[in-house]
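Residue numbers count from 1 along this sequence.
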Amino acid sequence: MKGKIVKVSGPLIVAEGMSGVKMYDVVRVSSLGLIGEVIELRGDKASIQVYEETSMLGPGEEVESTDEPLSVELGPGLIESIFDGIQRPLPVLIEKSGDRIGRGIKVNSLDHEKKWNFIPLVKTGMEVTEGDILGCVQENEVVEHRIMVPPGINGKVKKIETGSFTLDETIAVLITSDGEKNLTMLQKWPVRIGRRYKEKLSPSTPLITGQRVIDTLFPIAKGGVAAVPGPFGSGKTVVQHQLAKWADADIIVYVGCGERGNEMTDVLNEFPHLRDPKTGEPLMKRTVLIANTSDMPVAAREASIYTGITIAEYFRDMGYNVAIMADSTSRWAEALREMSGRLEEMPGEEGYPAYLSGRLAEFYERAGIVKLLGSDNRVGSITAIGAVSPPGGDMSEPVSQATLRIVKVFWGLSSSLAYKRHFPAIDWLVSYSLYSDRLSEWYDRNVGPDWNNYRKEAMRILQEEARLDEIVRLVGIDALSPKDRLTMEAAKSIREDYLHQNAFHEVDTYASLKKQNMMLRTILNFYHMGLEALDEGKSLDDILSLPVKEAIGRSKYIEEIDIEERFDKIDSDIKTQISALKAKEIF
């Protein structure tokens with residue numbers, strides 16, 4: 001199917017003579033072969049968003065349809081790869097065109113020449129269904145790539161091979177109702193259609209991140225969805241980097257959809273050198289990067305988020321727990337707004353398209369924990385975490401509001417905390433997690449029976465501090481009772497000693513749940529025993545000057561290997577020193 005360009009408007013072109021083309025078909029534009037996608041049909045005219053620079057294009061140039069939707073290649077070679085928004089491998093593009101991506105370059109998304117060692121897990125004569133694992137490829141030291149029966153195919157194994165194969169070589173032959181099917185290690189899947197599964201389950205296990213403010217106060221479940229909104233400079237990207245580094249997901253898909261290039265550069269520079277705490281190998285060995293930065297074509301931003309979630313679904317279908325980071329959905333929404341404006345659609349609030357909420361929901365709904373296709377009842381999950389960049393931190397703008405209606409976890413970043421150098425700058429007074437109650441039983445079983453009580457009391461103290469702070473600003477700290485002043489000190493300890501976490505400190509960057517439990521226990525023990533001493537008439541200044549107070553402040557730097565002994569010592573010192581204070585002993 002070939003047509004002719006009749007109008008060029010930035011990344012949007014209109015072509016006529018396209019009566020046989022379908023929505024979301026990929027087309028090649030002009031003699032350069034630029035990649036485009038049909039986004040609107042009116043009669044024989046098609047509106048096409050072009051994923052490459054459209055300068056020098058004009059009316060009369062040819063447009064040819066590929067008769068296929070925008071799809072990604074799925075197979076061995078995904079891990080450690082760096083793609084642009086439409087899954088073109090950036091290292092290959094650099095080789096072909098240098099530092100600036102050339103126009104119309106045709107490359108395979110994955111290496112079709114490389115041979116992979118395939119080890120079968122099924123035998124000749126076995127019945128297999130879609131989603132069953134035929135065999136595996138050890139993609140690197142960390143990831144076992146499981147080769148699955150493609151969707152829609154069921155049958156009996158006639159032949160299965162062992163050895164080294166390229167992505168295009170036959171590894172198995174199935175006898176199906178439609179005849180024999182040759183299977184390879186490569187699958188293709190359209191990015192705008194979610195991959196199928198048997199059943200979506202209710203999330204019941206937390207995604208452990210090692211970030212105290214998240215794991216303790218606002219946890220996210222595996223298979224959950226979260227938003228990280230905040231103004232410029234509040235630390236959205238650092239939060240996402242920390243989650244990508246330390247979350248206990250098997251696979252990380254990091255999508256830079258429209259953020260500045262230097263932020264993606266930080267990821268590219270850091271991840272190969274960061275050690276995965278679970279495996280000891282570089283973090284890149286379980287990561288896929290989609291880098292579509294703000295200086296790349298705006299239309300490709302819109303595609304990049306679908307490219308990322310489709311790759312995440314593929315690894316989920318193997319039975320892995322996947323975390324996808326989208327940085328940021330605001331830039332993605334801006335691309336939607338620009339394309340909608342060029343299509344002359346009726347605008348919604350602030351010029352965004354009326355279907356903004358629907359598109360956001362389509363993305364986040366592809367996350368979840370699911371029972372997978374196949375005969376072995378595998379379960380896999382995708383946890384989606386999207387950064388939101390509201391202009392000026394205005395949370396009433398459309399992207400933030402549409403996101404809040406969808407996600408279950410809200411980590412609201414505060415510019416005032418960021419200016420105070422308190423990171424992560426997650427504001428405990430506005431953030432929330434709707435998974436907290438659902439996960440409480442897991443925490444009781446796996447961390448400690450007092451975990452949920454500690455969490456609730458810490459939140460109560462922080463909220464009490466906010467109330468008392470208003471009084472202090474009006475009439476001064478001396479107007480508070482000793483008990484209220486001790487509460488303020490406890491809140492300060494929770495804020496500065498517990499919630500504040502240094503992402504660049506080799507020990508403090510990650511805290512296990514066991515360490516978090518012990519840290520919070522010591523802070524609350526000191527608070528409760530301090531209240532008892534006040535009740536017995538002891539001076540607040542004497543309580544706050546106890547030497548153990550400094551040990552509590554330094555406890556975040558205790559290494560994981562000796563936490564039990566060290567924290568038991570702190571708890572013992574709290575008891576000893578406050579008991580001595582009650583007996584009027586002097587240190």
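Pairing each heavy atom of Glu397 with each of Pro391, the nearest pair is CG-CD, 4.1 Å. Closest approach of Leu110 to Pro76, counting heavy atoms only: CD1-O, 4.0 Å.
Looking at Ser396 and Asp394, their side chains do bring a donor and an acceptor atom within 3.5 Å of each other. For the 3.5 Å distance criterion, the side chains of Tyr254 and Asp327 qualify, holding a donor opposite an acceptor. If you check the side chains of Asp215 and Thr209, you find a donor sitting under 3.5 Å from an acceptor. One side chain, Ser340 or Glu345, offers a donor N or O that lies under 3.5 Å from an acceptor on the other. A side-chain N or O of Ser389 and one of Ser328 form a donor-acceptor pair less than 3.5 Å apart.
Side-chain N or O atoms of Asn140 include one that pairs as donor or acceptor with a backbone N or O of Val143 at under 3.5 Å. With hydrogens and angles disregarded, a donor-acceptor distance shorter than 3.5 Å links the side chain of Gln401 to the backbone of Met395.
Proximity of the aromatic rings of His500 and Trp428 is defined here by a centroid distance below 6.0 angstrom, and this criterion is not met. For His145 and Tyr320, the distance between ring centers is not under 6.0 angstrom.
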Please report, to 0.1 Å, the donor-acceptor pairs under 3.5 Å made by any side chain of residues 24-33, with sequence neighbours excluded.
from, atom 1, to, atom 2, distance (Å)
Asp25, OD2, Lys22, N, 3.2
Arg28, NH1, Gly33, O, 2.5
Ser30, OG, Leu32, N, 3.1

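Going from atom OG1 of Thr66 over to atom CD of Glu37 covers 10.0 Å, rounded to the nearest 0.5 Å.
Side-chain contact check for Lys222 versus Pro203: every heavy-atom pair is 4.5 Å or farther apart.
Between Trp332 and Tyr306, the two ring planes are perpendicular [angle over 60°; tilted spans 30° to 60°].
When the shell of 6.0 Å around OH of Tyr355 is examined, it contains more than 12 heavy atoms from other residues, nucleotides or ligands.
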Starting from the C-alpha separation in whole Å, work towards a yes-or-no answer on salt bridge (charged side-chain N to carboxylate O under 4.0 Å, His left out) for Lys115 and Glu169. CA-CA 9 Å; Lys115 286 185 176 288; Glu169 291 177 335; 3.5 Å; yes
Assess whether salt bridge (charged side-chain N to carboxylate O under 4.0 Å, His left out) is satisfied between Arg331 and Glu302, documenting all intermediate values. CA-CA 9 Å; Arg331 306 285 176 261; Glu302 199 257 345; over 6 Å; no
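Residues in residues 307-319 take part in these salt bridge (charged side-chain N to carboxylate O under 4.0 Å, His left out) pairs, two or more places apart or across chains: Arg195-Asp317, Glu313-Arg366.
In this structure, Lys285 pairs ionically with Glu141, as a charged nitrogen and a carboxylate oxygen lie closer than 4.0 Å.
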